[in-house]
Amino acid sequence: MIARAIRKAGPVIAALGVSAPAAADTLSFYGTPGLVDMPNAYMLSDGEIALTTAGFGDTLRNTLTFQITPRLQGVFRYAFIKGFNTNGEDRYDRSFDLSYQISRETAHWPAISVGLRDFGGTGVYSSEYLVATKAITPQVTVTGGLGWGRLAGRNAFSSPLGAISDRFETRPDAAEGGISTTGQVDFGAWFRGDVAPFAGVSWAVNDKLTLVAEYSPDLYTKEQQRGAAPVASPLNFGAQYAFDNGVTLGAYALQGRDVGLSLSYVFDPAKPPVPGGSGSAPPALVARDSIEPASTRNLSAALSAQGLTLENLEITGKTARIRVVSTRFLASAQALGRSARVLANRLDPSVERFEITFITYGLPVSTVTLNRSDLEELEFSPDNSWQMLSRSRISDAAATDRGGELANLYPAADIGWGTYFTPSLFDPQNPLRFETGIKLTGFYAPRPRMIISGEVRQPIYSTIDESTRQSDSVLPRVRSEAIQYFASERAKITYLTGEYFARPQEDVFARVSVGYLEQMFGGVSAEVLWYPVNSRLALGAEVNYARQRDFDGGFGFQDYGVWTGHASAYYDFSNGFYGQVDAGRYLAGDWGATVSLDRAFNNGVRVGAFFTLTDVSFEEFGEGSFDKGIRVSIPITWLNGQPSQRRVGQEIRPVQRDGGARLAVRNRLYETTSGLRGAELADSWGLFWR
Amino acid sequence: MRWASVIIVGLLLASCSALPGVTPGAGPAVGNLASQGKPVLQVGILSKKTGTLVALDTVRGPFETWVSADGASITMRDGMMVATRGLGGDMLGSDIDESRAAITRRSPGRVTRFHTFLDGENRAQRRAYICDIADRGPRDVPFGAVSVPAQLIAEDCASQDQAFLNLYWLDQSGRIVQSRQWAGEFAGILTFRIVP
């Protein structure tokens, strides 16, 4: 009741940690800090995510803005422009922006930012700007800037950069190479050609209402060439109203002829609706001298009540060793704290030391050794998190023997069903296609670390199969015919594999997978990972032979087969950023490397970006020029406060082509083990006592 | 409606709106505990003007842990809150020894207390507070038809960025029979009342 009532006290959306936007934190039609259509020099707060949808006239822009670092902002935008294409069709345009705050605002100095808009997309919004913003009173800010590219419309003049080099005086035509070259990072054009000034002012009438006015040099030339009405006035006006829950609604008069509306939502991933969640309390420690030692069966049941499956139990002298699988808590530190308290409340009072090993797929990953008397001493003490961490030892758990294994655990099997929803994004005819249906999943584990598992899907409703998109790829069509895998209405095998996991030696993990590895490929996959328990660096290698599966999702294969594999390096920068480099051979037989960078919050929210460059040329690759994308993943527990290991999220690729495509084998070792390694345990250690 | 389907940001959050907001009643049912003769305590949530009963679940040394029907727990020492679990933004631990000594002795003065709260990134955040303890004189606390004579002690605390006022009503034996205590920025102020 208490937890529930408190949770209701802050409606989820209000508790999303929204710092009531300070007066000047208005978002523009491009979804970034700005006025109406013009940017200003401000940033969001570090880590914040802004979702904006804004429309006027024939344009609708949907933008996700992420404050990557306090000064660096990344943007993904998906815009719809009615009738924009030369054949009169509507344009769906994907674009990425980056902006960087060169100087922060001080009492006498403005904030100054530089921005690259649509630097790698199809070029509609391609522009750069340099902008300064200064608050002249706490309520009023003024903004002035210079724009290149699209922004160099009205009153444009020769670039002052021309003084440095003649090449800055003219801007190469972005559309020169046609659709095939779009998606290249077009740094050849940045800050080149004429410039035009822009300016604006914002006035925070009160905490809720902000009025904005701007002078925009953007003539919407490309839109006009395709039939839009000319811009009647360079002056745009708007009013934005910020609700308490982080939602802001804006209304605008633009270009002297249009009205527009915007809706935005800003939240901070570091502030979940319920910090630490509102799941049940852990069992409080009971007085040790009152404990009657529990049977193994009772201990197992007590652990099970905390989402922990007991697989092994050995008690020798004063030491108890257990192996558990954590199935409920996202953070292993929380599962550890629960395990420790269950042991402390159930084991013979003479047992003093607990060695708790987390296993996954039967694979022992990490062991945490702690003292029962430390638990008793620190349970409610003021510095209990740090002290408990400093008194615990996190070590590698390499031994894969079956000592102390509970009877009747193996062979193990389970079967279950559920529903699925597979989106297919950015089809030019319909940007959101999907298939939904029911799935049946099951596994059989004859002994630890050996798992046979599979999933069968029966589509019920699909719009993916309506797509008429034809692959024009000149490469082996390893991904570009993906929609054909959705053509059949019959049940299909999404995966059916035998997997074997091993710990060949300390700090080393291994995996072999055989079978239908993913929806489009089957074959054999072998992987090793070197990952010391407290290391920030992990190194892996994977070799696969993959053969393309039949489109109907049955047992058959097509003719195409390929040896593919990567050497991978994973690095935890320990400031919330995680980097990964995978170098090797991709499904189309191309050689290259993928670079990924993710910002991961301790509470599990992740936002990242990746790109792949291979020896496939930009022309051969086709639209988009090379593979790239962003990804967002949010744990369910972040959203509703209830313990769960499930996530929602999406990887967004502007286009999926055949170059730089990697095999999607399940249970790669780093993702399987990293949550249980030392860094992740320590990062969320505040949950040990939760 | 292609326009609608363009809203891909909606896609990212689409699965969120459909999430279950259920609370599994993992905690022991209070009714059971009460019927087993376990002591219960009335707890109110000031910001919501709602209340519930919590039942004494575990006693270890001076620490009494009380649990609610939905599985949250509050640990008290001599009627003063030392920790919470499951309220959100929980008080993981605390050092309230100085406050406790001054309040139970009803001796006004300045003391220091320490709280550690769980933040949204699973980190423990420690706060130190300077508190002024004052005796606000006798007050009668009504318990149904009878009213119990009590002394009201106020504890006015502030740290660099937080401030709160705790109130304790002590009966003549020095036991806290009623109180309002701050449980952190997220949970806010809780009120407690013994059930005689």
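Proteins come first, then strands; the chains are lettered A, B, ... in the order of their sequence lines, and each starts at number 1.
Of all the listed residues (P283(A), A287(A), G277(A)), the one sharing the greatest number of non-hydrogen pairs under 4.5 Å with chain B is A287(A). Ranked by heavy-atom pairs under 4.5 Å with chain B, the list N384(A), D683(A), L378(A) is led by N384(A). Note: S94(B) leads S73(B), S94(B), A124(B) in heavy-atom pairs under 4.5 Å with chain A.
The local environment of CZ in R106(B) is crowded, with over 12 non-hydrogen atoms from other residues, nucleotides or ligands closer than 6.0 Å.
From L285(A), atom CG reaches atom OG1 of T58(B) across 8.5 Å, with rounding to the nearest 0.5 Å.
When all heavy atoms of L92(B) and W689(A) are compared, the closest pair comes out as CD2-CB, 4.3 Å. The two atoms that bring P282(A) and R85(B) nearest to each other are CD-CB, 3.7 Å, heavy atoms only. Looking at every heavy atom in both residues, A284(A) comes nearest to T65(B) through CB-OG1, 3.7 Å.
Residues F380(A) and I96(B) form no side-chain contact, since every pair of their non-hydrogen atoms from C-beta on lies 4.5 Å or further apart.
Using a 4.5 Å cut-off between heavy atoms, Q334(A) does not touch chain B at all. Proximity to chain A (any heavy atom under 4.5 Å) is shown, for D95(B), by both the backbone and the side chain. Looking at S684(A), both its backbone and its side chain come within 4.5 Å of chain B, counting heavy atoms on both sides.
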**OP:** I would like to know whether L687(A) and L118(B) meet side chain to side chain contact (heavy atoms under 4.5 Å, CB included); could you show each step before the answer?
**Re:** CA-CA 8 Å; L687(A) 291 174; L118(B) 185 60; 3.6 Å; yes
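With hydrogens and angles disregarded, a donor-acceptor distance shorter than 3.5 Å links the side chain of R60(B) to the backbone of E376(A). The closest donor-acceptor contact from the side chain of N603(A) to the backbone of G120(B) lies under 3.5 Å. For the pair N602(A) (side chain) and N122(B) (backbone), a donor-acceptor distance under 3.5 Å is absent.
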